[in-house]
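Have a look at the structure below before the remarks.
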Amino acid sequence: MLIKVLGAVPKFPSKLFFFCEVAPAKGGETPIVLSHIIYQRMKEKYPEFVEQLEEQGLIYTRVLGEEDDPTSTVGRGWKSTFLTEDKSVAEERAAELGVKLEWEEDGVKTIMGPYSGIKVDKSRQRKIWFNNIVFAYTGWEDARNDPVKAVTFGDGKPFPADIIHDCVRILDKESVAIPWQNGDFLLLDNWAVLHSRQPSDTPRRVLASLCK
């Protein structure tokens, strides 16, 4: 699913570097899509929805267990997310990211936002689609998490399911998949594009580095 890297927190990288050490025999492409194009398509088709995103922002909510869960799409527990076993340290590190924590019996609820789902790319003087709504709404699902509640408007109201699923189709239609060969480098502007990864044969080894 196409995402903005760390698009659910206020501090995010501006550039993404990739190096293909081992290209897969089949699949494993990196689809990308222009952020301003998605904003334009959504604004044209769903102006009221986009206006609400701009005015109210959005909230991401995710419940983490103590330990990592490889069977979950959420995956990481709070200890590995915040790199500590101390709840007070976790709270400090969460606060640095603008994340609120609500401790539960066997985990913690993380609340991020409200943040604007639309940003202005000042270097290009245009509005862009800068959020992970689709990723959260369609992917954050396990025993602790309901993806429909994973992301909402800033006032807590749920998103219209039909609009989110149509956004998936728009993202897929507008994206271009970049294939990999051994030794390839790829530099992406996190402001300008969303990206994802296609399923592939193994082995596939693409190294990534994030730059502020």
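Every heavy atom of this structure was used, including side-chain atoms; hydrogens, water molecules and symmetry mates were not.
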Begin with the C-alpha distance, continue with both residues' side-chain angles, and end with the deciding distance and a verdict on side chain to side chain contact (heavy atoms under 4.5 Å, CB included) for Thr61 and Thr110.
CA-CA 6 Å; Thr61 303; Thr110 65; over 6 Å; no
Using the side chain to side chain contact (heavy atoms under 4.5 Å, CB included) rule, take Thr71 and Asp142 through it: C-alpha gap first, then chi angles, then the decisive distance, then the call.
CA-CA 8 Å; Thr71 66; Asp142 61 15; over 6 Å; no
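- Phe153 and Phe159 have perpendicular rings, their planes meeting at more than 60° on a 0 to 90° scale where under 30° would count as parallel.
- Trp180 has its side chain within reach of Arg204: a pair of non-hydrogen atoms, C-beta onward, lies under 4.5 Å apart.
- Cluster annotation: Leu210 and Phe82 are assigned to the same hydrophobic cluster (Ile/Leu/Val/Met/Phe/Trp/Tyr, side-chain heavy-atom contacts under 4.5 Å, transitive).
- Between the Arg124 side chain and the Ala192 main chain, no donor and acceptor come within less than 3.5 Å of each other.
- With hydrogens and angles disregarded, a donor-acceptor distance shorter than 3.5 Å links the side chain of Ser35 to the backbone of Val193.
- Contact record, Gly98 with Tyr115: O-OH, 3.0 Å, taken as the closest heavy-atom pair.
- Between atom NZ of residue Lys4 and atom NE2 of residue His195 there is a gap of 10.5 Å, rounded to the nearest 0.5 Å.
- A 4.5 Å side-chain heavy-atom check between Cys167 and Tyr46 finds every atom pair outside the cut-off.
- Enclosure of atom NZ in Lys119 by more than 12 non-hydrogen atoms of other residues, nucleotides or ligands within 6.0 angstrom is indicated.
- A donor-acceptor pair under 3.5 Å is formed between the side chain of Asn190 and the backbone N or O of Pro13.
- Rounding to the nearest 0.5 Å places CD of Glu48 at 10.0 Å from NZ of Lys43.
- Between the side chain of Ser14 and the backbone N or O of Lys212 there is at least one donor-acceptor pair closer than 3.5 Å.
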Dump the intermediate steps for side chain to side chain contact (heavy atoms under 4.5 Å, CB included) on Val120 and Ile128, then the final yes or no.
CA-CA 6 Å; Val120 175; Ile128 58 173; over 6 Å; no
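- Side-chain contact check for His36 versus Asp121: every heavy-atom pair is 4.5 Å or farther apart.
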Given the rule in the salt bridge (charged side-chain N to carboxylate O under 4.0 Å, His left out) test, do Arg144 and Glu104 qualify, once you have shown the distances and angles that lead to the verdict?
CA-CA 11 Å; Arg144 293 183 174 87; Glu104 301 183 346; over 6 Å; no
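- Hydrophobic cluster membership differs between Leu194 and Phe17, with clusters built from Ile, Leu, Val, Met, Phe, Trp and Tyr side chains linked at under 4.5 angstrom.
- Note on Ile111 and Val148: separate hydrophobic clusters, where clusters join Ile, Leu, Val, Met, Phe, Trp and Tyr whose side-chain heavy atoms are under 4.5 Å apart, directly or indirectly.
- Listed for the Asn132 side chain is no donor-acceptor partner under 3.5 Å among the backbone atoms of Ile3.
- Ring planes of Phe185 and Phe19: tilted class, angle from 30 to 60°.
- Between Trp191 and Phe130, the ring-plane angle classifies as tilted under the 30° and 60° cut-offs.
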Salt bridge (charged side-chain N to carboxylate O under 4.0 Å, His left out) for Asp172 and Arg169? Distances and angles first, verdict last.
CA-CA 5 Å; Asp172 289 342; Arg169 291 187 286 270; over 6 Å; no
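- Side-chain atoms of Thr30 do not come within 3.5 Å of backbone N or O of Ile178 as any donor-acceptor pair.
- The distance from atom OH of Tyr39 to atom CD of Glu44, rounded to the nearest 0.5 Å, is 10.0 Å.
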Pair Leu187-Lys15, side chain to side chain contact (heavy atoms under 4.5 Å, CB included): steps then yes or no:
CA-CA 7 Å; Leu187 170 62; Lys15 300 294 188 294; 4.1 Å; yes
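- The minimum heavy-atom distance linking Asp201 with Ala25 is given by the pair OD2-CB, 4.3 Å.
- Looking at Cys20 and Gln181, their side chains never come closer than 4.5 Å, going by heavy atoms from C-beta outward.
- One finds the CG atom of Leu171 at 11.5 Å from the CZ atom of Arg41 (value rounded to the nearest 0.5 Å).
- Distance check: Tyr60 OH to Asn131 CG gives 4.5 Å after rounding to the nearest 0.5 Å.
- Residues Pro114 and Gln56 fail the side-chain proximity criterion, which asks for heavy atoms closer than 4.5 Å.
- Judged by distance alone, the side chains of Asp86 and Thr84 never bring a donor and an acceptor atom under 3.5 Å apart.
- Put simply, OG on Ser116 and CG on Leu53 are 7.5 Å apart, with the number rounded to the nearest 0.5 Å.
- The two residues Ala136 and Ala150 have their closest heavy-atom pair at O-CB, 3.9 Å.
- A distance-only check finds no donor-acceptor pair linking the side chain of Glu55 to the backbone of Gln52 [under 3.5 Å].
- For the pair Leu186 and Leu188, the minimum side-chain heavy-atom distance is below 4.5 Å.
- Criterion: ILVMFWY side-chain heavy atoms under 4.5 Å apart, direct or through other members. Under it, Trp140 and Val5 are part of a common hydrophobic cluster.
- Checked options Thr138, Thr152, Ile164, Ile163; the residue passing with Ile133 is Ile164 (criterion: side-chain contact (heavy atoms from CB on, under 4.5 Å)).
- Scanning both residues, Val63 and Asn145, for their nearest heavy atoms gives N-OD1, 2.7 Å.
- Across every non-hydrogen atom of Arg76 and Leu64, the tightest pair is O-CD2, 3.5 Å.
- For Asp68 (side chain) and Gly77 (main-chain N/O), a donor-acceptor pair under 3.5 Å exists by modelled atom type.
- Residues Val108 and Leu97 fall within the same hydrophobic cluster, defined by Ile, Leu, Val, Met, Phe, Trp and Tyr side chains chained together at heavy-atom separations under 4.5 Å.
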